[in-house]
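Contents: one structure, followed by commentary.
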Amino acid sequence: MSRPLRAPRFDPRAGFHMEGKDSGPSVPQGLLKAARSSGQLNLAGRNLGEVPQCVWRINMDIPEEANQNLSFSSTERWWEQTDLTKLIISSNKLQSLSDDLRLLPALTVLDIHDNQLTSLPSAIRELENLQKLNISHNKLKMLPEEITSLKNLKALHLQHNELTCIPEGFEHLSSLEDLDLSNNRLATVPAGFALLSSLLRLNLSSNQLKSLPAEISRMKRLKHLDCDSNLLETVPPDVGSMESLELLYLRRNKLRVLPEFPSSRQLKELYLSENQIEMLGAEHLQHLQAILVLDLRGNKLQSVPEEMALLQSLERLDLSNNDISSLPCSLGNLHLKFLALEGNPLRTIRREIIAKGTQEVLKYLRSKIKDDGTSQNDFVPKTAMTLPSESRVNVHAIVTLKLLDYSDKQAALIPDDIFDATKSNIITSVNFSKNQLCEIPQRNNFLSSLPEEMSSLTKLQSINLSFNRFKVLPAVLYHIPTLEAVLISNNQVGSVDPQKMKLMENLSTLDLQNNDLLQIPPELGNCVQLRTLLLDGNPFRVPRAAILMKGTAAVLEYLRDRIPA
């Protein structure tokens, strides 16, 4: 006589039933069941000293609930469940990984940061589908050569380890776009790095590099290069020929001279603080047409060249803690939002003027142009008192920078002779801000909306809506796919739509400073196309100022980490 089946005993922890087969650490059965359905398993912060065997075998073993649940529904058939593609075992106490890692060949994301790993298993080469590998904040002294077999790897985060060298064949990671080697003990960078043809972001900060290989300039797609906090005494001249470079960090090194940037027409942010630079010449500045941020704090500069006034896109200029005794009055023609001068022996500007802030300093410099009777065509006075009929046309800006500038005139219309001055020159930028225009409104006006017809501007690359009365980012902007820069600071913007913004594939600069943003949506972190994101002067509490100071890439990473699972 057969014994009747007993109903399974009720477990108040149902859904979090512990896997019973393992002799090692346990994993809640509910998590395993969910992972078989979603393909994702998160075991972060569980105080694990080793990875449970049931994790490695999750794609192979029959799940426990298949034996216990006699009414296993068609929607829960274990043999139809998805393979594990994302495994997060960060913030534990792992000292090693088993070769059983090879049992998870479908993994595309492996996150094991913040553990105590001293090595990686050779079996890692069998994770052929891996696209993102995060091994940061461990104790790795070397990498296995097998890691160079991961041909589909796009992001490799190795920061905060104890690496002293890079294995041969690293250049075989042909799909790699994001490589972070910061905070290690590297003394050299292999010349073979130049063959990482897909690389967009390279972080080499906080190592022991005394030089960079000249071959690094062959990275034609590289947009972000971070070499902060090393021992660099020189930078290869060819760095200035990197056509796609947008952000270059060289802070806290031993640089005395700068390279020229003849081909870096996309360079938007250049950080050179805390070096030993003694001289800045026209040759260092003349090609930086797109520069937004120039950080020269803590060097040994004694003067600022007049050519600084040609950087018409410049928004932030830090000259603090140098040996500068005077400034060219033409600096007042720049449309700076931030100018730092503290810690210089300036004799031509009183301290009380500097203490009043950027705009007062610029106003003072402009007034000195007029007082001195300066009549240079290259550096035009643009004060609110200048009448349109008295104004000069900056011919140099028209010819060299393709810029037509008639700003800060309080004019109700633009005189014909301003347009006549362009003659046959090609103009790519027009600045009519700070006027009283009725027909061509721009910055410092009273706009609160934009017409839908603007979506027909299929070649528009940049729009400046600063100092208006927008309460939201105008919806029509989301439908202009060519936009590369949206400047909408000093408005009343209270929200942005990160989902729509993600579709703006060309958008690299977004200035939302001094608005009414009470919170920053975490999904904004998915807008990885952004290279410059400015959020200062908003009432939100997070991200904190310390995060904002780390730059755009750090802010986006911080936001992505806060996206609900």
Side-chain angles (χ1 to χ4, degrees), residues 182 189 202-214 216-217 224-242 245-311 313-328 330-331 334 336 338-349 354 358 361 549 551:
S182 62
V189 175
L202 175 59
N203 192 340
L204 297 168
S205 64
S206 299
N207 278 282
Q208 299 169 15
L209 302 175
K210 293 184 179 180
S211 63
L212 295 174
I216 202 170
S217 63
H224 181 159
L225 176 58
D226 191 339
C227 296
D228 280 354
S229 302
N230 277 283
L231 305 172
L232 298 175
E233 296 181 359
T234 60
V235 177
D238 290 343
V239 166
S241 65
M242 299 176 73
L245 197 61
E246 295 182 358
L247 281 76
L248 178 56
Y249 295 82
L250 292 165
R251 297 174 293 197
R252 294 181 294 279
N253 279 283
K254 297 183 177 182
L255 300 175
R256 294 183 180 275
V257 294
L258 287 179
E260 298 178 21
F261 296 94
S263 302
S264 300
R265 302 298 174 90
Q266 303 299 318
L267 193 60
K268 294 180 173 63
E269 299 183 24
L270 178 57
Y271 296 89
L272 297 159
S273 62
E274 297 179 56
N275 279 279
Q276 300 170 25
I277 300 170
E278 298 178 351
M279 192 272 293
L280 194 65
E283 65 275 14
H284 301 123
L285 303 173
Q286 59 185 346
H287 300 296
L288 299 179
Q289 298 178 10
I291 198 77
L292 297 173
V293 178
L294 181 56
D295 179 4
L296 291 160
R297 175 174 52 87
N299 280 280
K300 297 181 178 180
L301 294 174
Q302 297 183 5
S303 62
V304 178
E306 291 274 3
E307 287 77 11
M308 186 73 76
L310 296 178
L311 306 183
S313 297
L314 194 62
E315 296 179 353
R316 298 178 67 87
L317 175 60
D318 193 338
L319 296 170
S320 57
N321 298 329
N322 277 278
D323 298 325
I324 300 169
S325 58
S326 64
L327 292 175
S330 57
L331 207 62
L334 292 177
L336 294 174
F338 175 82
L339 173 61
L341 299 170
E342 298 80 5
N344 283 288
L346 287 168
R347 300 187 182 92
T348 56
I349 305 180
I354 296 176
T358 298
V361 172
M549 289 178 63

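Just so it is clear, the structure is predicted and the values come from calculations on it, not from any experiment.
Expressed to the nearest 0.5 Å, how far CD1 of I291 lies from CD of Q289 amounts to 11.5 Å. Of the inter-residue distances, the one linking L272 atom CG with I277 atom CD1 reads 4.5 Å to the nearest 0.5 angstrom. A distance of 6.0 Å separates CG of L204 from CD1 of I216, quoted to the nearest 0.5 Å. In this structure, the separation between CG on L225 and CG on L212 is 7.0 Å, given to the nearest 0.5 Å. Interatomic distance, CD1 of I349 versus CG of L331, reported as 8.5 Å (0.5 Å rounding). Here the CG atom belonging to L280 is positioned 4.5 Å from the CG atom belonging to L285, to the nearest 0.5 angstrom.
At a threshold of 4.5 Å between non-hydrogen side-chain atoms, the residues V304 and P328 count as touching. Side-chain atoms of V239 and L248, non-hydrogen and from C-beta on, do get closer than 4.5 Å to each other. L288 places a side-chain heavy atom less than 4.5 Å from the side chain of L267.
Shortest non-hydrogen contact noted between A214 and P236 is CA-CB, 4.0 Å. Residues S330 and A309 come closest through the heavy atom pair O-CB, 3.4 Å. Of all non-hydrogen atoms in S264 and M242, the two that sit nearest each other are OG-O, 3.4 Å. Heavy atoms only, all atoms of each residue included: H284 and L258 are closest at NE2-O, 3.4 Å. Heavy atoms only, all atoms of each residue included: C227 and L232 are closest at CB-CD1, 3.9 Å.
Every residue two or more places apart in sequence or in another chain that forms a salt bridge (Lys or Arg N to Asp or Glu O under 4.0 Å) with D318 is listed here: R297. Applying the ring pair (Phe, Tyr, Trp, His ring centres under 6.0 Å) rule to Y249 yields the partners H224, Y271; only residues at least two apart in sequence or on another chain are considered. By the side chain to side chain donor-acceptor pair (under 3.5 Å) test, S229 pairs with R252, sequence neighbours left out. Among residues two or more places apart in sequence or in another chain, the side chain to side chain donor-acceptor pair (under 3.5 Å) test is passed with N344 by none. Shown here are the side chain to side chain donor-acceptor pair (under 3.5 Å) partners of S205, two or more places apart in sequence or in another chain: N203. Partners of H287 by ring pair (Phe, Tyr, Trp, His ring centres under 6.0 Å), not counting sequence neighbours: none found. Considering only residues two or more places apart in sequence or on other chains, K254 meets the side chain to side chain contact (heavy atoms under 4.5 Å, CB included) condition with L231, E233, Q276. With sequence neighbours left out, S182 forms a side chain to side chain donor-acceptor pair (under 3.5 Å) with D180. With sequence neighbours excluded, the residues that form a side chain to side chain contact (heavy atoms under 4.5 Å, CB included) with Q302 are D323. Every residue meeting the salt bridge (Lys or Arg N to Asp or Glu O under 4.0 Å) condition with R251, not counting sequence neighbours, appears here in chain and number order: D228.
V293 pairs with exactly one of E269, E315, K268 by the side-chain contact (heavy atoms from CB on, under 4.5 Å) rule, that one being E269. Results of the side-chain contact (heavy atoms from CB on, under 4.5 Å) test with L341 over I324, L327, L317 single out L327 as the only residue that passes.
Remark: the backbone N or O of L292 is not paired with any side-chain donor or acceptor of S313 at under 3.5 angstrom. Side-chain atoms of N230 come within 3.5 Å of backbone N or O of N207 as a donor-acceptor pair. A donor-acceptor pair under 3.5 Å is absent between the side-chain atoms of N253 and the main chain of N275, judged by distance alone.
Residue pairs meeting the salt bridge (Lys or Arg N to Asp or Glu O under 4.0 Å) criterion with at least one member in residues 277-288, sequence neighbours excluded: R256-E278.
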